[in-house]
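Every chain is numbered from 1 and lettered A, B, ... according to where its sequence line falls, protein lines coming before strand lines. Side-chain atoms are counted along with the backbone in the values below, which use heavy atoms only and exclude waters and symmetry mates.
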2 protein chains.
Amino acid sequence: MATGRTHRPANRSRGIPEATVARLPLYLRALTALSERSVPTVSSEELAAAAGVNSAKLRKDFSYLGSYGTRGVGYDVEYLVYQISRELGLTQDWPVVIVGIGNLGAALANYGGFASRGFRVAALIDADPAMTGKPVAGIPVQHSDELERVVRENGVSIGVISTPAGAAQQVCDRLVAAGVTSILNFAPTVLNVPEGVDVRKVDLSIELQILAFHEQRKAGGEAVGGGVLPQTTVGRDESTDQGPDGDMPAVMPA
Amino acid sequence: MATGRTHRPANRSRGIPEATVARLPLYLRALTALSERSVPTVSSEELAAAAGVNSAKLRKDFSYLGSYGTRGVGYDVEYLVYQISRELGLTQDWPVVIVGIGNLGAALANYGGFASRGFRVAALIDADPAMTGKPVAGIPVQHSDELERVVRENGVSIGVISTPAGAAQQVCDRLVAAGVTSILNFAPTVLNVPEGVDVRKVDLSIELQILAFHEQRKAGGEAVGGGVLPQTTVGRDESTDQGPDGDMPAVMPA
DNA sequence: CCATCTTTGTGCACACGTTCACAAAGACAT
DNA sequence: ATGTCTTTGTGAACGTGTGCACAAAGATGG
């Protein structure tokens, strides 16, 4: 604390690695838990264990933020909570709109992790007129027609899409046109956005498929599937039992 | 270059990169859509555009599976669908249990992307006795007491946890003890599992925080309360993502 | 059969991410 | 103060992922 004082732009210049950014929320969660237990300081080793990462990685991650630790002691929990929150932009209020209030949209609206992190559900939007006015998580659902107005009036810059895949691109376009520049997409489809707009996707089906891959490998790589299968015109085999809808609905249209 | 048998199965030996595995479901989705439109072949360029990735990356990814394309022509859609499905282990049936039938659990149970990919919801489990017997997505919810029996009787190896954070570790332990070796965790907590068990996590709050970070950066680091940001000329030289995709996996291996 | 054209498959270079291992910084006891 | 002990911060090695650019493979037309 003596020397460095606050200004320690170490690596802080303007480049925190993406991989590090993705872990900051993880650290923040662990630190918040410690804070609630009134733990004053924590070592990189302890915190790393709590966050489920390797301690060297954690120290390197923190080094991108600056030198906030004390050698021989560890990190001040409260201070670190503040620094990470600030770095992530959680010290400001982020109004969010959720579009597509099916099962998933409702789950998101009810999710406590939002409010506790500076995210505020500014509006719930659904295309189904039958949903309009119906309260979900205490917030009345609004019709899609209101989308642009809601975004503008609330200064929303983050939108969450939990519609069926077929509607996602259109919703995305409207959100972007209205001023949204970050989108969290739960619909199983690739979204095209103009430059400057960030999209992150969460695809439940993809996660399961990745697990299946590893599961299959564990179960004895060569067991199922019939081995090599000479080229031949594969034509059809029953394997393509793809339903008529593929993987379309992310949530029930309600 | 591995040794020996340099014939058909090129790099297929035993090492498909994780990053490639994570993209296979993406390709599969795009290919399935093409298949439904009866498109016979597709070039790496077209398919890459549909999947939202770079074509060189796609070709390299496919090269790990083997040489399944025809130069000057492209890839046979049906054949590739089969090969990727087989590689991912989707040609077999994967019974899945979902534990924690709140809003999110219900959304998952209703999610169409599961059934259409070889995943079958074998059971829904919830600790609340008031839920027992109540049908969700056409499947009656069973009480937690049934967890072990259900896993054993159905040969379930993949479990989905959508409980509150406080219950997740205990549920995880029971799933693992009963024989589950792959877990998809939606609870915002780090799960400890014995070696040999795969965990993938999806944390909605974390995704939003990552978006907030980039959003803050876009806003010039200036504290931007509300109001609409003028669509600044985002022509950043950052050479940002080409695709609409932040590219970081939505979840990370635990 | 030869020429030409298209598109794959991949060598290579580079960027990014992870981990090791250790010097330096500081706390603390004597 | 001095020495010892703990823990950070980071240089360097290593591993993984990405993208360019091009030779090779095969189609197609004459």
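Side-chain contact between B:Q209 and A:L28 is present, with heavy atoms from C-beta onward closer than 4.5 Å. Looking only at side-chain heavy atoms (C-beta outward), B:E78 and B:L80 stay at 4.5 Å or farther from each other. Two residues are said to be in side-chain contact when any heavy atoms from C-beta on lie closer than 4.5 Å; B:P194 and B:V197 meet this criterion. In this structure the side chain of A:L58 reaches within 4.5 angstrom of the side chain of A:Y27, judged on heavy atoms. With a 4.5 Å cut-off on side-chain heavy atoms, B:S162 and B:L108 count as touching.
Regarding A:K57, its NZ atom lies at a distance of 19 Å from the P atom of D:dT10, rounded to whole Å. What separates CG of A:D61 from P of C:dC16 is a distance of 16 Å, to the nearest Å. Distance CG (A:L58) to P (C:dT19): 12 Å, rounded to an integer number of Å. D:dT8 atom C1' lies 17 Å from atom CD of A:Q83, rounded to whole Å. One interatomic measurement links the two molecules: CD of A:E18 to C1' of C:dC16, which rounds to 11 Å at whole-angstrom precision. Atom OH in A:Y64 sits roughly 10 Å away from atom C1' in D:dT10 (whole-Å rounding). Distance, B:L65 CG to C:dT10 C1': 15 Å, rounded to whole Å.
For the segment residues 41-50 of chain B, no residue has any heavy atom less than 4.0 angstrom from an atom of DNA chain D.
Relative to the side chain of B:S67, the nucleotides C:dT18, D:dG19, C:dG9 differ in distance, and C:dG9 lies closest. Here the nucleotide nearest the side chain of B:T70, chosen from D:dG26, C:dG9, C:dT18, is D:dG26.
For B:R71 against C:dT7, a side-chain-to-base donor-acceptor contact under 3.5 Å is absent.
Distance alone, capped at 3.5 Å, places no donor-acceptor pair between the A:E36 side chain and the A:A33 backbone. Here the side chain of A:K201 pairs no donor or acceptor atom with the backbone of A:F186 at under 3.5 angstrom. For A:S85 (side chain) and A:V81 (main-chain N/O), a donor-acceptor pair under 3.5 Å exists by modelled atom type.
Contact annotation: A:Y75 reaches the phosphate of D:dG9 (side-chain N/O to OP1 or OP2, under 4.0 Å).
Comparing B:G72 and A:F62, the nucleotide of DNA chain D nearest to each residue sits closer to the 5' end for A:F62.
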Output one line per pair: protein atom, nucleotide atom from nucleotides 20-22 of chain C, and distance, for all N/O pairs under 3.5 Å.
residue	atom	partner	partner atom	Å
C:dA21	N6	A:R59	NH2	3.4

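Aromatic ring centres of B:F62 and B:Y68 lie farther apart than the 6.0 Å criterion allows.
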